[in-house]
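It should be emphasised that the depicted structure is a prediction, and the values quoted were computed from it without experimental measurement. All chains are named by letter (A, B, ...) in the order of the sequence lines, taking the proteins before the strands, and each is independently numbered beginning at 1.
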2 protein chains.
Amino acid sequence: MLGAHTRIDAAENDVMNVKTLCLGVLELGEASGYEIRKMTQDGRFSHFVDASYGAIYPALSALEADGLVSWREERHPGRPERKVYSITERGRVALIAALNEETRDDVIKSEFLFVLRFCELARPSHVKSELDRRIAWLEAQLARLEEARQSGCGTASSFAQGYGQAIYRAMHEYLVGNRHDIEDIAGRGLIGRDAAE
Amino acid sequence: MLGAHTRIDAAENDVMNVKTLCLGVLELGEASGYEIRKMTQDGRFSHFVDASYGAIYPALSALEADGLVSWREERHPGRPERKVYSITERGRVALIAALNEETRDDVIKSEFLFVLRFCELARPSHVKSELDRRIAWLEAQLARLEEARQSGCGTASSFAQGYGQAIYRAMHEYLVGNRHDIEDIAGRGLIGRDAAE
DNA sequence: CCTCACATGTAATGAGTTACATGATTGG
DNA sequence: CCAATCATGTAACTCATTACATGTGAGG
């Protein structure tokens, strides 16, 4: 048990915010702000977080001010200079504290599902293109995960990926399986056929 | 096609925000602010949206100011007075406009998955309790959806529910199937066994 | 009696997004 | 030559959350 005097606050008081996210990523290995962003966009964290540069860079500065991360400059010829951050001992303690907080419910905002729910009101061609886009995206995600799976990794890290894979597959199967029905309902909707435009 | 002069802006310019959400809910039938909230919490919209009272009530006021919704007072004996909102013709047009915008990617923030990803750093008992909570929640969601399915509804509305059901089931199966492995990894983690407290 | 569900609203606060600002290098 | 990728950062802004404020009636 950490004594009261050694207690280091988890970055504020919910499990996940951009600071904790950065600590988590850095726990897996040093990285630049740019890389952290990428990991939340299409990388290993993309199934459950997202953060913009405007959030990540200030978060890293704040973490540094609190001594939870440190950085060094790195220059590869032919590349811009980058700041490679690492987690410190204090940072590790803060991360662990955050990880032991009670989690909040997931936040899911899906504009796609909202449109799907009201597909009889939208233009059929729009519904169709949204469906196609989504299916293509799911296929890309599944391919990416499959690739990651084959190149090893294992251990705990694979749970999040397996979880993502299970969900993507379920979504994909559902959408492909219902595509015709959805398009059919959209086609018979209140808007009727597509207006010329 | 709506002529330029008849164009009514979709509530600002992304598909989903609290205003559009309210319009969508009201399109299915009149409702009070309180009811809208409930639907995003555990109701028919809970798989893909969420909004607090602090967002819904101002949104309804703004929609009313724009003539997109109207309301009447309703008093049931033994209940507080409530404002029952309905969508107007203009509101319908605005909703349809929003529905035809290109959707953004889903936003998913899962503190649970974040903890799962780093389960070897959290206290094993904490990981276990988070897992149990999540599995129980999924079971409740599935039971609720099953109930809704049996009491009819059909048509387009069921797509969102079926989609939710597919995803919940995938999550549930995954978590239950991996529960022992996850607990095992958590138990062998860096924190080791639970400290006394 | 106390808490929970019902019901509406406002004010303070905040976390994060978007847009801006800048710049090097590589590949088509 | 232009676009894309790599790379860091700030300022303005916005949307929504949290907390506050208030009140009724039912049920344990």
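Rounded to an integer number of Å, the gap from A:Tyr85 OH to D:dT8 C1' is 9 Å. We find that CG of B:Leu60 is positioned 16 Å from P of D:dC15, with the value rounded to whole Å. Here the P atom of nucleotide D:dA4 and the CG atom of A:Asp42 are 16 Å apart, to the nearest Å. At whole-Å resolution of the value, OH in B:Tyr57 and C1' in D:dC15 are 19 Å apart. Remark: P of C:dG9 and CH2 of B:Trp71 are 8 Å apart, rounded to the nearest angstrom. With rounding to whole Å, B:Gln41 atom CD is found 11 Å from C:dC6 atom P. Between the CD atom of B:Glu111 and the P atom of C:dA15 there is a distance of 13 Å, given to the nearest Å. Here the P atom of nucleotide C:dT8 and the CZ atom of B:Arg72 are 12 Å apart, to the nearest Å.
Candidate nucleotides D:dT8, D:dG9, C:dG23 were compared by shortest atom distance to the side chain of A:Pro80, and C:dG23 ranks first. Here D:dC6 is the nucleotide among D:dC6, C:dC6, C:dT8 with the atom lying nearest to any side-chain atom of A:Lys38. Side-chain proximity of A:Lys83 to D:dT5, D:dA16, D:dG9: nearest is D:dG9. The side chain of A:Ala55 lies closest to C:dG16, out of C:dG16, D:dA16, D:dC6. You'll find that the side chain of A:Asn17 is closest to C:dG16, out of C:dG16, D:dT24, D:dT8.
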- Might you work through the side chain to side chain contact (heavy atoms under 4.5 Å, CB included) test for A:Leu142 and A:His172, ending with a clear yes or no? CA-CA 9 Å; A:Leu142 284 167; A:His172 185 263; 4.2 Å; yes
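At C:dT18, none of the side-chain N or O atoms of A:Ser52 fall inside 4.0 Å of OP1 or OP2 (strictly under the cut-off). Of the side-chain N and O atoms in A:Tyr34, one or more sit less than 4.0 angstrom from OP1 or OP2 of D:dC6. Side-chain N/O atoms of B:Arg104 include one lying less than 4.0 angstrom from OP1 or OP2 on C:dT18. OP1 and OP2 of C:dT8 both lie 4.0 Å or more from every side-chain N or O belonging to B:Tyr53.
Toward the 5' end of DNA chain D, the nearer of the two residues A:Gly54 and A:Glu81, judged by each one's closest nucleotide, is A:Glu81.
Aromatic ring centroids of A:Trp137 and A:Tyr168 lie under 6.0 Å apart. For an aromatic pair to be called close, the ring centres must be under 6.0 Å apart, and A:Phe118 with A:Phe114 satisfies this.
There is a side-chain donor-acceptor pair under 3.5 Å between B:Arg133 and A:Thr103.
A cation-pi contact, defined as under 6.0 Å to the ring centre and within 45° of the axis, is absent between B:Lys83 and B:Tyr85.
Contacts of B:Ser61 with the nucleic acid, taken as non-hydrogen atoms under 4.0 Å apart, are absent.
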